[in-house]
Amino acid sequence: MQQSGSTAERSPLGPWEGKPAVQQPDWQDHPAYAQTCAALAAAPPLVQRGEVRRLRQALSELASAGGLLLQLGDCAESLYECTPRHTSDKIEVIDRLGDRLSELTGRNVLRVGRMAGQFAKPRSQATEWHDALSIPSFRGHMINSELAAPGTRKADPRRMWWAYEASDRVQRVLRAHREGAGRAARTEGPWSSHEALVVDYESRLIRRDPDTGERYLASTHLPWVGERTRRSAEAHVAMLSTVANPVGCKIGPDADPDEVLRVCEALDPRREPGRLVLIPRMGRDRIREALPPIVRAVVNAGHPVLWLSDPMHGNTVKASVGLKTRHLSDVVTEALRFRDILDRQRQHAAGLHVEVAATDVTECVGGSVAGEDDLARHYTSLCDPRLNPVQATELIEAWAKDTATVGPAPRRP
């Protein structure tokens with residue numbers, strides 16, 4: 001493990017220390033834990049402060065200009081697919097879908113990839129059964145292996161360093177793509193994003209801007225806090241409240257409006273446009289009752305958030321063949337209901353946050369996947385089911401229908 005980087009740019013641990021942190025790996029007693037944490041704290045930043053500034057500015061301008069945001073990519077990234085070829089394939093899909101949405105709506109589309117760091121996953125159950133044996137659940141390649149054996153499922157802190165190295169390879173390809181595609185593409189992306197789940201990893205990658213003294217999270221451009229970890233008094237929100245990055249927050253169907261306001265106040269106390277992205281993930285039926293009071297509360301409190309629909313996580317079911325799946329029709333329905341709710345509240349429905357594969361997977365039912373019997377044909381997700389590019393195009397085309405006639409008027413450069 002390399003240990004380099006300017007001491008002046010490193011940021012000490014902060015106010016999240018000692019606060020509760022759920023969904024964390026139990027690995028502090030591992031002999032490599034201290035060395036790995038020290039190496040991460042001394043490592044060069046994965047993203048540059050100037051990149052974070054450009055994304056904040058682009059997000060700030062997005063709502064007033066009537067632009068749209070697409071946040072797309074794998075449910076759980078694989079350490080083995082962080083090669084230039086795999087990354088280029090993912091960028092191609094993100095750009096193709098972004099271009100399609102822009103073509104259909106006449107609006108600029110900012111692109112963000114669930115990539116270069118999406119290696120850790122919260123889980124509803126700590127263990128799972130394999131061959132009559134209870135073993136720890138797979139929690140992403142940053143924590144353990146997808147191979148179903150007791151030894152491979154032990155949390156290993158060395159994986160944080162492997163994730164850092166893999167993220168660096170992906171960031172280099174992303175940066176080269178943005179810089180090689182011209183000024184507009186540098187603004188539109190794709191930028192990197194992942195759930196800031198593992199506090200040991202994320203906190204060691206907080207750096208200070210040498211010019212302004214501001215802290216920023218150097219692991220990604222746009223981190224988000226998940227539905228299970230967004231409590232305002234806990235470590236994840238406290239950590240992200242200290243950084244200058246734009247921050248996302250997932251909101252499930254059981255969220256209380258007052259609870260959401262506490263998170264908004266923690267993450268966006270100065271009510272700055274471009275700072276906070278709220279991402280409801282409620283399910284096609286529950287969104288109709290759950291989302292409107294949250295939107296009203298946030299708007300009345302004066303938080304200029306961007307609203308982004310995650311129409312997938314609330315619509316996961318178990319198929320008759322034993323695999324988790326999502327039905328494209330449910331995904332489309334939730335996305336359109338989200339848009340209609342925001343329109344009725346006179347708020348800008350800014351876009352979609354969707355798990356999409358770069359290949360022709362058969363993990364969700366609908367469109368190019370006729371039924372549940374077809375799921376096993378090409379089901380490769382490490383965790384939750386993703387749309388394939390054809391299905392994602394169908395979702396985008398459904399979303400784009402009539403979008404050009406609602407919300408703020410589009411502005412093209």
Side-chain angles (χ1 to χ4, degrees), residues 52-53 55-71 107-112 189 191 193 195-196 217 220-227 229-232 236-282 287 290-311 313-314 334-335 337-354 399 403 406-408:
V52 172
R53 288 196 198 99
L55 179 57
R56 273 288 295 265
Q57 182 62 31
L59 289 168
S60 177
E61 295 173 353
L62 186 149
S64 61
L68 296 171
L69 173 61
L70 277 182
Q71 193 170 8
R107 304 187 181 204
N108 289 334
V109 176
L110 185 66
R111 303 103 193 268
V112 176
W191 303 96
S193 181
E195 180 174 359
L217 184 58
T220 190
H221 298 107
L222 199 168
W224 79 82
V225 61
E227 163 67 10
T229 55
R230 58 166 172 76
R231 303 300 177 266
S232 59
H236 292 85
V237 170
M239 178 178 64
L240 292 182
S241 71
T242 69
V243 300
N245 305 59
V247 175
C249 178
K250 295 287 190 79
I251 303 173
D254 295 319
D256 178 82
D258 290 337
E259 180 184 326
V260 175
L261 286 183
R262 287 193 290 271
V263 176
C264 290
E265 190 63 34
L267 294 176
D268 182 34
R270 293 182 290 186
R271 290 160 172 76
E272 297 175 294
R275 162 63 173 176
L276 184 57
V277 182
L278 294 185
I279 313 170
R281 30 90 77 220
M282 297 179 166
I287 192 171
L291 184 57
I294 291 174
V295 175
R296 288 193 294 268
V298 172
V299 171
N300 290 339
H303 290 282
V305 305
L306 287 168
W307 295 96
L308 202 64
S309 172
D310 172 354
H313 282 87
E334 179 170 352
R337 285 177 177 169
F338 163 89
R339 193 192 67 188
D340 292 344
I341 289 167
L342 268 292
D343 290 344
R344 287 197 296 271
Q345 300 292 329
R346 298 183 181 276
Q347 299 300 304
H348 179 45
L352 298 166
H353 177 123
V354 184
W399 167 274
T403 295
V406 297

Task: Verdict with reasoning, Val260 to His303, per side chain to side chain contact (heavy atoms under 4.5 Å, CB included) - done: CA-CA 11 Å; Val260 175; His303 290 282; over 6 Å; no

Open item on the list: I need the minimum non-hydrogen distance between Arg296 and Gln345, along with the two atoms involved.
Closed with: CG-OE1, 3.1 Å

TODO: Heavy atoms only: give me the nearest Gly351-Leu308 pair and the separation to one decimal.
DONE: C-CD1, 3.2 Å

Open item on the list: Test your reading of the model: is there a side-chain donor-acceptor pair from Arg107 to the backbone of Gly66, 3.5 Å cut-off?
Closed with: yes

- [ ] May I ask you to decide if Ala335's main-chain N or O and Arg337's side chain share a donor-acceptor pair within less than 3.5 Å?
- [x] no

For residues [X] and [Y], determine if any side-chain heavy atom of one lies less than 4.5 Å from a side-chain heavy atom of the other.
X	Y	answer
Arg56	Arg275	yes
Pro273	Leu62	no
Pro246	Val277	no

Let me know which of [options] forms a side-chain contact (heavy atoms from CB on, under 4.5 Å) with [X].
X	options	value
Ile251	Arg281, Met282, Glu259	Met282
Leu222	Leu217, Asn245, Leu59	Leu59
Leu110	Leu70, Leu69, Leu306	Leu69

Task: All salt bridge (charged side-chain N to carboxylate O under 4.0 Å, His left out) counterparts of Arg270, not counting sequence neighbours - done: Glu272

